[in-house]
Amino acid sequence: MSRIGKKPVELPSGVSASVSGQTIEVKGPKATRSFTATDDVTITVQENNVSVEPRGKSKRARQQWGMSRTMIANMVTGVSTGFKKELEISGVGYRAQVQGNVLKLSLGYSHDVNFEIPTGVTVTAAKPTEVAVEGTDEQLVGQVAANIREWRKPEPYKGKGIKYKNEYIFRKEGKKK
């Protein structure tokens, strides 16, 4: 039994869901998202709950059960409150600024890095050393934040680079004489 799949997804006020075949569409104040489940699960909507049930006892059906429920729960959270990842930039001369649809990063290279912001997410730089990635799709928000972090990962000696706001960087001691 999937512990995650057994729990129904509650729809908060202002969020509605409709099922047609294997596709569920969730509408909320921020956006409208849809997800197409495999034929291994059955999705039903009652009042303000969405429940997912497996169509058999196969291993694939049990895997899809929990995964489909999680995808629906993430869509409900995304259309109601949204997702946010915050990044911190530390290092002398390291800074970021948003210009239109481009995030300009000065990361100690001989040139500035121009990061194209994909559609579906909004990137803001309140301070030159803080970047926030927001959107309704958790996977896309996380991937964009990871792509930004990839330009200069934090190094363990001085801690310079781009890190997540709540990330702990294991620091190493430098060499001794």
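In what follows, every heavy atom counts, from backbone to side chain, and hydrogens, waters and symmetry copies are set aside.
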Open item on the list: Tell me whether Ser90 contacts the main-chain N or O of Gly159 through its side chain, where contact means a donor paired with an acceptor under 3.5 Å.
Closed with: yes
Task: Heavy-atom donor-acceptor pair, Arg171 side chain to Tyr157 backbone, under 3.5 Å - done: yes
Answer with yes or no whether the hydrophobic clustering places [X] together with [Y]; edges join I, L, V, M, F, W, Y residues whose side-chain heavy atoms lie under 4.5 Å apart.
X: Met67; Y: Trp65; result: yes
X: Phe83; Y: Leu11; result: no
X: Met75; Y: Val144; result: no
X: Val102; Y: Leu105; result: no
X: Val79; Y: Met71; result: yes

Task: Co-members of the apolar cluster containing Ile169 [side chain, <4.5 Å] - done: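 Once heavy-atom contacts under 4.5 Å are chained together, Ile169 still belongs with nothing else.
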Closest heavy-atom pair and its distance - [X], [Y]:
X: Ile72; Y: Val9; result: CG2-CG2, 4.2 Å
X: Ala37; Y: Ser68; result: CB-OG, 4.1 Å
X: Val98; Y: Ala125; result: CG2-N, 3.9 Å
X: Gly135; Y: Val141; result: N-CG2, 3.5 Å
X: Thr129; Y: Tyr94; result: CG2-O, 4.2 Å
X: Lys7; Y: Arg69; result: O-NE, 3.0 Å

Open item on the list: As a quick check of understanding, evaluate salt bridge (Lys or Arg N to Asp or Glu O under 4.0 Å) for Lys85 and Glu134, giving each step before the final call.
Closed with: CA-CA 7 Å; Lys85 288 268 188 184; Glu134 296 178 84; over 6 Å; no
Please report, to 0.1 Å, the donor-acceptor pairs under 3.5 Å made by any side chain of residues 106-117, with sequence neighbours excluded.
| residue | atom | partner | partner atom | Å |
| --- | --- | --- | --- | --- |
| Ser106 | OG | Asp112 | OD1 | 3.1 |
| Tyr109 | OH | Trp151 | O | 2.6 |
| Asn114 | OD1 | Lys104 | NZ | 3.3 |

Can you confirm whether [X] sits close enough to [Y] that some side-chain heavy atom of one is under 4.5 Å from a side-chain heavy atom of the other?
X: Val76; Y: Pro12; result: yes
X: Val131; Y: Ile89; result: yes
X: Tyr164; Y: Leu87; result: yes
X: Val19; Y: Thr44; result: no
X: Ile43; Y: Val50; result: yes

So, taking the atom named [atom1] in [X] and the one named [atom2] in [Y], what distance separates them when rounded to the nearest 0.5 Å?
X: Thr136; Y: Lys30; atom1: OG1; atom2: NZ; result: 8.5 Å
X: Asn74; Y: Glu138; atom1: CG; atom2: CD; result: 4.5 Å
X: Glu25; Y: Ser20; atom1: CD; atom2: OG; result: 7.5 Å
X: Glu88; Y: Lys127; atom1: CD; atom2: NZ; result: 9.0 Å

Open item on the list: Please evaluate residues Arg55 and Val41 with respect to the criterion side chain to side chain contact (heavy atoms under 4.5 Å, CB included), reporting the C-alpha separation (whole Å), side-chain torsions for both, the decisive distance (0.1 Å), and the verdict.
Closed with: CA-CA 5 Å; Arg55 286 197 179 155; Val41 295; 5.7 Å; no
Task: Short side-chain donor-acceptor distance under 3.5 Å, Thr36 and Thr23 - done: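 Thr36 and Thr23 do have a side-chain donor-acceptor pair below 3.5 Å.
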Open item on the list: I'd like to know whether Arg149 forms a side chain to side chain contact (heavy atoms under 4.5 Å, CB included) with Glu167, so could you lay out the CA-CA distance, the side-chain angles of the two residues, the decisive distance to 0.1 Å, and finally the verdict.
Closed with: CA-CA 12 Å; Arg149 183 181 183 270; Glu167 183 180 11; 2.7 Å; yes
Return yes when atom [atom1] of [X] has more than 12 non-hydrogen atoms of other residues, nucleotides or ligands closer than 6.0 Å, and no otherwise.
X: Glu173; atom1: CD; value: no
X: Glu155; atom1: CD; value: yes
X: Lys163; atom1: NZ; value: yes

TODO: Could you give me the CA-CA distance, side-chain angles and deciding distance for Arg60 and Thr38, then say whether side chain to side chain contact (heavy atoms under 4.5 Å, CB included) is met?
DONE: CA-CA 10 Å; Arg60 179 173 163 79; Thr38 60; 3.6 Å; yes
